*Asks:* 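I'd like to ask you about the structure that follows.
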Amino acid sequence: MSKQKIYWFCQLFGWSLLITVEYLAYLLEDGFQADELYLAIANIFLGITLTHLYRLMIRRWNWVLLPFFRLAPRVLLSVFVLALIMTMVNLPMDRLIVPQHLMDEPWPLFGYIMTWGKTMLAWVLSYTAYHYVEENRNAEIEKILLKTNIRETEAKVLRSQLNPHFVFNALNSIRALVYENPTKAQQSITQLSNLLRNSLLADRRKTVELREEMKTVEDYLALEKVRYEERLTSKIELDGRTLFWQVPPMMLQTLVENAIKHGVSTAVGGGFVEVKSSLVADKLHILIRNTGVLGDKNASGGFGLANTSQRLELLYGPDAQFHIFQEAKNLDDRPIVCAEITIPAQSEGIFRREKAKNID
């Protein structure tokens, strides 16, 4: 049932019940009188009309949006005006139809205003309070929707900012192969096309399976190995239970790119990049280790580190974590930087939508 139908049902039922109870009191005391019945029916329609006009007035002037200290005087004045109108109609009629009931009333005008005032106050307070709460609830919903839209826009911006960064580096990786090794160049172009395709899809998808993301990482590493040759070694170890876990697209590729750019490329004699995944306490743990020295995170990590933290926060909330730290030197006495990502089993946005689809 729509709100409009509920409103008219409450109007008809409420006023009919109120006037009927009052009419029955007169009926039991005075017996049946047609004039009393007609007046009761008239009061039902008059009460509905006056309160409906009040409803139109507060909706037109948006009283429910006013602060309480400005709303209260208007409500009280409205109650007085409505009660006065009902009194001006009923008091003269009662003097003609049931004068015996007014003989013992020293101040009938005041008594009628008080009686109808209580009735109108109950109606006005109920209706105004309902709409006051409704408007505040709608305002809160709008704030939540606005916040959600802002977060969605931020996420799209973060994904779109990845594209120029990795394309530039990938093109540099295959530039020298065009004349030296055309076959290898064709293979590298295929790998680059895979990267471009995944990058374009990243703007449309919030998450991808870990195995798909790792294919992108493997293509990128293959292109970088063309440039660095023996100076770059890589190792990937994935837990089979994590292959279908949902991760943000192009996130790991960006971190691997930073590992090479700020770690391997600056190390004398090159270095290594290692990617591992595991499942611990129903959470996905991804470890990216590389040769390098961790300096200022804002400077050395570039856009990738800030991007990773923001994307994880937008998608998974506070349950997701991203840390980057300097490990102790290995057996070769080379410094190692470690980036650790923790992703919960369920995210606030992704799995809520999945549940909604299942319900539908």
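Residue numbers count from 1 along this sequence. Keep in mind that this is a model prediction, so the values were computed, not measured.
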*Asks:* Any link between M86 and L77 through a network of hydrophobic side chains (Ile, Leu, Val, Met, Phe, Trp, Tyr) touching at under 4.5 Å?
*Replies:*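 In one cluster: yes.
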*Asks:* Would the number of heavy atoms belonging to other residues, nucleotides or ligands and lying under 6.0 Å from CE of M57 be above 12?
*Replies:*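 More than 12 within 6.0 Å, yes.
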*Asks:* For Y38, is the OH atom crowded, meaning more than 12 foreign heavy atoms sit under 6.0 Å from it?
*Replies:*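 Open: at most 12 neighbouring heavy atoms sit under 6.0 Å from OH of Y38.
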*Asks:* In this structure, would W61 and F69 fall into the same cluster of hydrophobic residues linked by side-chain contacts under 4.5 Å?
*Replies:*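 No, it is not one cluster - the side chains of W61 and F69 are not joined through contacts under 4.5 Å.
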*Asks:* Nearest heavy-atom pair of E36 and L27: which atoms, and what distance?
*Replies:*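 E36 and L27 have their closest heavy atoms at OE1-N, 4.4 Å.
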*Asks:* Suppose we call two aromatic rings close when their centres sit under 6.0 Å apart. Are Y127 and W123 close by that rule?
*Replies:*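 Distance test on ring centres: under 6.0 Å, yes.
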*Asks:* Closer than 3.5 angstrom, by distance alone: can the side chain of T51 be matched with the main-chain N or O of I48 as a donor-acceptor pair?
*Replies:*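 The answer is yes, because a donor-acceptor pair under 3.5 Å joins these two groups.
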*Asks:* Rounded to the nearest 0.5 Å, how far apart are CZ of F322 and CD1 of I343?
*Replies:*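 Separation between the atoms: 11.0 Å.
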*Asks:* Does any part of the side chain of L221, heavy atoms only, come nearer than 4.5 Å to the side chain of I236, both counted from C-beta?
*Replies:*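 Answer yes - side chains close enough.
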*Asks:* I'd like to know if K235 and E237 make a salt bridge, using a cut-off of under 4.0 Å between side-chain N and carboxylate O.
*Replies:*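 Here K235 pairs with E237 in a salt bridge, since their nearest N and O are under 4.0 Å apart.
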*Asks:* Assess whether side-chain contact (heavy atoms from CB on, under 4.5 Å) is satisfied between R289 and L287, documenting all intermediate values.
*Replies:* CA-CA 6 Å; R289 302 171 68 246; L287 203 64; 4.0 Å; yes
*Asks:* Roughly how far apart are T87 OG1 and M120 CE, rounded to 0.5 Å?
*Replies:*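 Here the interatomic distance stands at 9.0 Å.
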*Asks:* Between V275 and M214, does a side-chain contact (heavy atoms from CB on, under 4.5 Å) hold up when you go through it step by step?
*Replies:* CA-CA 9 Å; V275 182; M214 290 310 303; 3.8 Å; yes
*Asks:* Do D94 and Y112 have a side chain donor and acceptor closer than 3.5 Å?
*Replies:*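 Note: D94 and Y112 side chains meet the donor-acceptor criterion.
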*Asks:* Give the minimum heavy-atom separation between P108 and L91, together with the two atoms involved.
*Replies:*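 The answer is CB-CD1, 4.1 Å.
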*Asks:* Which heavy atom in L210 sits nearest to a heavy atom in V247, and how many Å separate them?
*Replies:*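 That closest heavy-atom pairing would be CA-CG2, 4.1 Å.
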*Asks:* Mind checking whether E340 and I286 have side chains closer than 4.5 Å, heavy atoms only?
*Replies:*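 Result no, sub-4.5 Å side-chain heavy-atom pair not found.
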*Asks:* Report the C-alpha separation of Q321 and T342 in whole Å, then their side-chain angles, then the decisive distance to 0.1 Å, and conclude whether the side chain to side chain donor-acceptor pair (under 3.5 Å) test is met.
*Replies:* CA-CA 5 Å; Q321 297 179 354; T342 302; 4.6 Å; no
*Asks:* Could you measure the distance from the CG atom of N43 to the OG atom of S16? Nearest 0.5 Å is fine.
*Replies:*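 Here the rounded value is 11.5 Å.
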*Asks:* Side chains of S234 and F272, heavy atoms from C-beta outward: is any pair under 4.5 Å?
*Replies:*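 Answer no - side chains too far apart.
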*Asks:* Is any side-chain heavy atom of I85 closer than 4.5 Å to one of L50?
*Replies:*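 The answer is yes; the side chains approach within 4.5 Å.
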*Asks:* Going by heavy atoms in the side chains, are K206 and L315 under 4.5 Å from each other?
*Replies:*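 SC-SC contact between K206 and L315 confirmed.
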*Asks:* For the aromatic rings, using the six-membered ring if either is Trp, is the centroid distance between W8 and H52 under 6.0 Å?
*Replies:*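 Yes, ring centres under 6.0 Å apart.
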*Asks:* Within the distance-only criterion (no hydrogens, no angle test), does the side chain of E327 pair as donor or acceptor with the backbone N or O of P335 below 3.5 angstrom?
*Replies:*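 A pair under 3.5 Å: no.
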*Asks:* Go through W116 and L82 one step at a time and tell me if the side-chain contact (heavy atoms from CB on, under 4.5 Å) criterion holds.
*Replies:* CA-CA 8 Å; W116 285 110; L82 293 173; over 6 Å; no
*Asks:* How close do K184 and V226 get, counting heavy atoms only, and between which atoms?
*Replies:*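 Looking at all heavy atoms of both residues, the shortest contact is CE-CG2, 3.6 Å.
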*Asks:* For residues T242 and S278, determine if any side-chain heavy atom of one lies less than 4.5 Å from a side-chain heavy atom of the other.
*Replies:*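 When only atoms from C-beta onward are counted, S278 and T242 do not touch, as no gap falls below 4.5 Å.
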*Asks:* Once side chain to side chain donor-acceptor pair (under 3.5 Å) is applied, do any residues pair with Q4, and if so which ones, sequence neighbours excluded?
*Replies:*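 Testing Q4 for side chain to side chain donor-acceptor pair (under 3.5 Å), a comparison that skips the adjacent residues, returns R55.
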*Asks:* Are side-chain heavy atoms of L76 and V124 found at a separation under 4.5 Å?
*Replies:*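 L76 vs V124: side chains apart.
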*Asks:* Keeping Q326 on the side-chain end and L294 on the backbone end, is there a donor-acceptor pair under 3.5 Å?
*Replies:*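 A pair under 3.5 Å: yes.
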*Asks:* Got a second to check how far W15's CH2 is from L46's CG, nearest 0.5 Å?
*Replies:*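 One finds 8.0 Å between CH2 of W15 and CG of L46.
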*Asks:* Determine whether Y7 and L53 fall in the same hydrophobic cluster, where Ile, Leu, Val, Met, Phe, Trp and Tyr are linked whenever their side-chain heavy atoms lie under 4.5 Å apart.
*Replies:*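 Shared cluster, no.
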*Asks:* Considering all heavy atoms of both residues, which atom of G292 and which atom of V337 are nearest to each other, and what is their separation?
*Replies:*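 That closest heavy-atom pairing would be O-CG2, 3.4 Å.
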*Asks:* Between the main-chain N or O of I336 and the side-chain N or O of T291, is there a donor-acceptor pair closer than 3.5 Å?
*Replies:*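 Here the side-chain-to-backbone pair does not exist.
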*Asks:* How long is the gap from NE2 on H323 to CD1 on I341, to the nearest 0.5 Å?
*Replies:*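 If we round to the nearest 0.5 Å, H323:NE2 and I341:CD1 are 11.0 Å apart.
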*Asks:* In this structure, would M114 and L125 fall into the same cluster of hydrophobic residues linked by side-chain contacts under 4.5 Å?
*Replies:*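 No; L125 is not reachable from M114 via cluster members.
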*Asks:* Would you say F80 has more than 12 foreign heavy atoms packed within less than 6.0 Å of its CZ?
*Replies:*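 For F80, atom CZ is not crowded (no more than 12 foreign heavy atoms under 6.0 Å).
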*Asks:* Given the rule in the side-chain contact (heavy atoms from CB on, under 4.5 Å) test, do M250 and T216 qualify, once you have shown the distances and angles that lead to the verdict?
*Replies:* CA-CA 8 Å; M250 305 301 292; T216 303; 3.8 Å; yes
*Asks:* Do V75 and Y54 have side chains that approach each other closer than 4.5 Å (heavy atoms only, starting at C-beta)?
*Replies:*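 The answer is yes, as the side chains (C-beta and beyond) meet within the 4.5 Å cut-off.
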*Asks:* Could you tell me which non-hydrogen atom of T49 sits nearest to which non-hydrogen atom of F45, and how far apart they are?
*Replies:*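 Minimum heavy-atom separation between T49 and F45: OG1-O, 2.7 Å.
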*Asks:* I'd like to know if Y316 and F244 are part of one continuous hydrophobic network [Ile/Leu/Val/Met/Phe/Trp/Tyr, side-chain heavy atoms within less than 4.5 Å].
*Replies:*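 Yes, one cluster joins them.
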*Asks:* CD1 of I288 to CG of L255: how many Å apart, nearest 0.5 Å?
*Replies:*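 Interatomic distance, I288 CD1 to L255 CG, rounded to 0.5 Å: 4.5 Å.
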